[in-house]
Each structure stands twice: as structure tokens, then as C-alpha cells.
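Mind having a look at this structure? Questions to follow.
Numbers restart at 1 for each chain; the letters A, B, ... are given by sequence-line order, proteins then strands.
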Protein chains: 2
Amino acid sequence: MARPRTQPYHHGQLREALTTAGRALLEEKGIRGFTLRECARRAGVSHAAPAYHFASIDDLLAALATRGFDELAAAMTAEADRASGDAAGRLIGQGVGYMAFAAGNPALFQLMFSREANRLETADLAAAAEAVRRLQAAAVEAAIPHASGEIKQRMADFATASVHGFIALLLDGQIGGKDSSRALKTRGLALLSAMAETVVRAGG
Amino acid sequence: MARPRTQPYHHGQLREALTTAGRALLEEKGIRGFTLRECARRAGVSHAAPAYHFASIDDLLAALATRGFDELAAAMTAEADRASGDAAGRLIGQGVGYMAFAAGNPALFQLMFSREANRLETADLAAAAEAVRRLQAAAVEAAIPHASGEIKQRMADFATASVHGFIALLLDGQIGGKDSSRALKTRGLALLSAMAETVVRAGG
DNA sequence: CGAGAATCTTGACGTTGGAAAGAGGCGAGA
DNA sequence: TCTCGCCTCTTTCCAACGTCAAGATTCTCG
């Protein structure tokens, strides 16, 4: 709905400014510390201004989550493309992109996969999440093209679960509490290669 | 102000009553819908009564999470013991217990693994979480007793991540959206056996 | 240029978490 | 037995929250 205007309105691009401010706020304070009024404050508008652009605070959160899924998908494909090589290499690369996005946006990542976001299931949000899921399934299927549909699905479950579980536990401090960032990356890569090996072996 | 004698002025077991009420409330309303005053209401006391037993709302949440980890550990060992068989069987059984607890307490499970809880890192909470981690690591190590320490750690990462990731994604609706409960259990068991197979293969 | 729509502000309501102060119940020592 | 002091709970108050309603401002377009 936002279009370029010769002269900005009262604010002009409030919706965009609110999502930007909200995203930063979310990373700073976490889901429970997230408030609509603080978003408005940071965007330089009154506390009731957001109401026009977002029906409720959950609506804003849903918008943030939606954008998060879009960026997650972009990070996955970018990293997969960067990983030259066979389908297994792409699968690993996609996992790297997944983890990198999560590590760079921990609170947003948690919001995306919390049922709080699902409470206000926007069609956009569902579609964005579905796109990520399809990306994962496609990478697994490409690695084991001759396997049965059932095997493909089980391996997609497996790949998705390991990648997501590892980074989720890591961000929560449940894995590698005091390890260096470098050591954690090594552990992450080791997990990804073990995952890919299992997938490929199941497909052959 | 005559007090009705139905309840003594001293509640007696307020702390326990608050955690019980809080747990139910958490499952009903989710983390964002959780309020201290509603807990007090359900426990039949004034809104400021909880302050004596819990320093803050985060303190109550931390207590709930702590108990959650305790019960999670109990569910894991119970199910592992029930699974007669070799170490790999125990590993799978422990995963079943993990998933069963999560499925039975989805909101609590999410709280336990959200950084919101970690914001108020109680010593008890850290210890309870650590116990669960040790349980996981021990089950993996028992399945591959002759492997190197590095392999054991990597396989512990792997097993923990797959189990946690699968059930977390499932509870969020990211896996098996419209599948029946029976089909989901089958998928979960398939994941667990694939996980155990990978672990055992890496160890031998 | 003026009317109407879009955008933002101001003010209000009910609710929240938390602090402060007071009151009721209970045990220990006289 | 009585009373003092501590523990527990209530009452009252405050700032901040999300949301609504109404007013003000600015843009668009006839």
C-alpha cells in the first residue's frame, strides 16, 4: 500500500518504520518485552498511530514473522547456491543458511517458530512458512531422487528436525554453553554432514 | 470486615497452588497470555499475594520451567526403562519419552526452551536443564561405548537436535499439518529409529 | 479551491506488574 | 496465659500497556 510520494506524509512510511523498529525491539527485549507503544515511540509517532497499519500487536508480530520466513528462505537458497557441488552439498549449504539466519536473528527466529505467531495465522504467514518447508523438502528429494515417496518424506522430517533442533537448542544455550563461536560452527557443520550422510545413505 | 471461614486467612499452600494454576493458565493462554493476576485469581487470593512467594512473574515462569525439566527427565527415564533391549533401544525409548512430554505440555515445553525463561536463570533451572542434557548424552554414549569422545559429543548433538527439532516443529504445525495422530506417531518413531541407526553406525 | 479520505494525535478505559503500607494469623518467650 | 514479632495476605496506589473513540492534520482528486 505504501507508494513513493513527493512529500512524505506525517511520517510517510510508517508501516515500514514500525516493522523495522519492531524488529530491533524484539531482538533487544524478547517476545515478552515487546510493546506496541515502544515501537511507536521509536518510529517517532504517537502511541495510537500503529493502529491504522496493524489491527493489533499480534498483527504486527505476524508481519514480522512473515518477513522473517521470507528472509530465511532467501538465506537458504543463497547459501545453497554458494555451495557448488552435488545435491548433498546443496543440502548442507541450505542448512548453513538456515542456521546463519537463526543465529543472526535469534528472537525473530524464536517468534517465527512459536505458537504465539500462529495464533494470528495470516495467509501470508502461512504461505511464507510453507515456502521454507518446501525448500527443505526439495533439497532432500534432490539428494535422493530415486527413493520412494515415503523415504523422501521421512528424510525430509529428519533433515528439517536436525537442523532446526540444533540451532534452536544452541540459541537457547542448551548446546555448547561456553564453547567459542568457532567451535560451535565446527559442531554445526559436523551435524550437517552427518545429517546429509544419513539422508544419502537412506536414499541409496 | 468479617472474613468468610471457607478459607483460612493463611492459604497455606499458596506457592504450590500458584504453580498449579500457572501451569494450567500457561497451557490455556500461551506465554503472552500468561498473567500473574490471573494466577492469583485462580488460586483464590489477592493479586499481590504471589509477591511473597515469587519475586516477579519471571520468577514464577522460571519455577514452572524448572518443574518442567524435572518432569521431562522423569518421562525420559521412565520410557527408557520401559524399552527393554539394548542401548539403542533405550536411546529410542528416551526419545519417545521426550516427545510424549512435549506433546502433553506444549506451552510449558516451549517456555522451557525459550530464552524468556533463561532471562531469569535460576540455579535450580540451570541444574534441571543440565540434568536433561546429561541424560541425553549418557544414552548416546551407552549406545556407542567404544567411540571417541568427539564422536560421542557429535552424536549427542545429533540425537538431541533431531528429537527436539522434530517435536518442536510438530507442535508448531510445521510438520504434518493435517496428519492423524497415529500417522504422526509413526513418523516420529521412524525419525527416532533413523536417528539411532545413525548414532550406532557412527560409533561402530 | 474545496470536499472527502487517509493518516496521525489526544484522551480515555480497563488491565497489567510491582511497590508500599496495613491488617490478620501464628509461634516463641515471658 | 499473654504479648511481641514474624510471616502471610489485603488494600491501595502508580506507571505502563493495548485498544477504542473522537478530533486534528495533511494529502488526493474532482
Side-chain angles (χ1 to χ4, degrees), chain A residues 1-22 24-26 28-65 111 116-117 119-120 122, chain B residues 1-26 28-65 111 114 116-117 119-120 122:
Chain A
M1 185 64 71
R3 74 294 72 176
R5 224 182 283 242
T6 49
Q7 192 82 6
Y9 199 25
H10 263 144
H11 188 286
Q13 311 274 41
L14 220 203
R15 187 180 173 98
E16 192 61 24
L18 284 172
T19 58
T20 302
L25 179 59
L26 183 65
E28 285 176 33
K29 303 287 179 58
I31 295 186
R32 273 188 76 84
F34 185 88
T35 73
L36 204 51
R37 284 167 112 106
E38 177 64 20
C39 289
R41 230 170 273 132
R42 294 190 180 200
V45 295
S46 78
H47 67 266
Y52 189 83
H53 299 277
F54 299 98
S56 70
I57 189 173
D58 291 312
D59 196 20
L60 207 183
L61 288 174
L64 288 177
L111 171 68
E116 308 298 320
R119 190 145 317 211
L120 194 67
T122 313
Chain B
M1 187 177 277
R3 181 166 309 282
R5 288 234 135 277
T6 53
Q7 275 211 341
Y9 190 81
H10 271 64
H11 189 289
Q13 314 272 32
L14 221 204
R15 188 182 173 96
E16 193 60 24
L18 284 172
T19 59
T20 302
R23 185 159 176 173
L25 180 59
L26 183 65
E28 285 176 33
K29 303 287 179 58
I31 295 186
R32 271 186 76 83
F34 184 89
T35 73
L36 203 52
R37 284 167 112 105
E38 176 65 19
C39 289
R41 232 170 271 133
R42 294 190 180 197
V45 295
S46 78
H47 69 266
Y52 187 84
H53 300 276
F54 300 98
S56 69
I57 188 172
D58 291 313
D59 197 20
L60 207 182
L61 288 174
L64 289 177
L111 169 69
S114 80
E116 308 297 321
R119 192 143 318 210
L120 196 66
T122 314

inquiry  = Strictly below 4.0 Å: does B:Y52 bring a side-chain N or O up to OP1 or OP2 of D:dC9?
reply    = no

key: A:L18 CG - C:dT7 P separation (whole Å)   =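 Atom CG in A:L18 sits about 13 Å away from atom P in C:dT7.
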
request  = Report the distance from atom CZ of B:R15 to atom C1' of D:dC7, rounded to the nearest whole Å.
outcome  = 15 Å

inquiry  = Does B:Y52 form a side chain to side chain contact (heavy atoms under 4.5 Å, CB included) with B:L14? I'd like the steps, not just the answer.
reply    = CA-CA 10 Å; B:Y52 187 84; B:L14 221 204; over 6 Å; no

task = Can you see which heavy atom on B:H53 is nearest to which on B:R15, and at what distance?
result = O-NH1, 2.9 Å

ask   = Does the side chain of A:H53 get closer than 4.0 angstrom to OP1 or OP2 of C:dC8 through an N or O atom?
value =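 Yes, within the criterion.
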
key: Integer-rounded Å distance: C:dT16 C1' and B:L60 CG   =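 To the nearest whole Å, that distance equals 15 Å.
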
When you compare the protein's N or O atoms with those of nucleotides 16-20 of chain D, which come within less than 3.5 Å of each other, and at what distance?
| from | atom 1 | to | atom 2 | distance (Å) |
| --- | --- | --- | --- | --- |
| D:dC17 | OP2 | A:R41 | NH2 | 2.6 |
| D:dG18 | OP1 | A:L36 | N | 2.5 |
| D:dG18 | OP2 | A:L36 | N | 3.2 |
| D:dG18 | OP2 | A:R37 | N | 2.9 |
| D:dG18 | N7 | A:R37 | NH1 | 2.3 |
| D:dG18 | O6 | A:R37 | NH1 | 3.2 |
| D:dT19 | OP2 | A:I57 | N | 3.1 |
| D:dT19 | O4 | A:R37 | NH1 | 3.3 |
| D:dT19 | O4 | A:H47 | NE2 | 3.4 |

query = Taking all atoms of both residues into account, what is the closest heavy-atom pair of B:L60 and B:F34, and its distance?
reply = CD1-CZ, 4.2 Å

inquiry  = Side chain of A:L14 only, heavy atoms from C-beta on: which candidate in C:dA6, C:dC8, D:dC9 is closest?
reply    =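 So the nucleotide nearest the side chain must be C:dC8.
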
Contacts of type side chain to side chain contact (heavy atoms under 4.5 Å, CB included), residue A:A51, not counting sequence neighbours = none

ask   = Going through the distances and angles, do B:L26 and B:L111 end up as a side chain to side chain contact (heavy atoms under 4.5 Å, CB included)?
value = CA-CA 9 Å; B:L26 183 65; B:L111 169 69; 3.9 Å; yes

request  = Return the minimal non-hydrogen interatomic distance between A:G22 and A:C39, and the atom names on each side.
outcome  = CA-SG, 3.6 Å

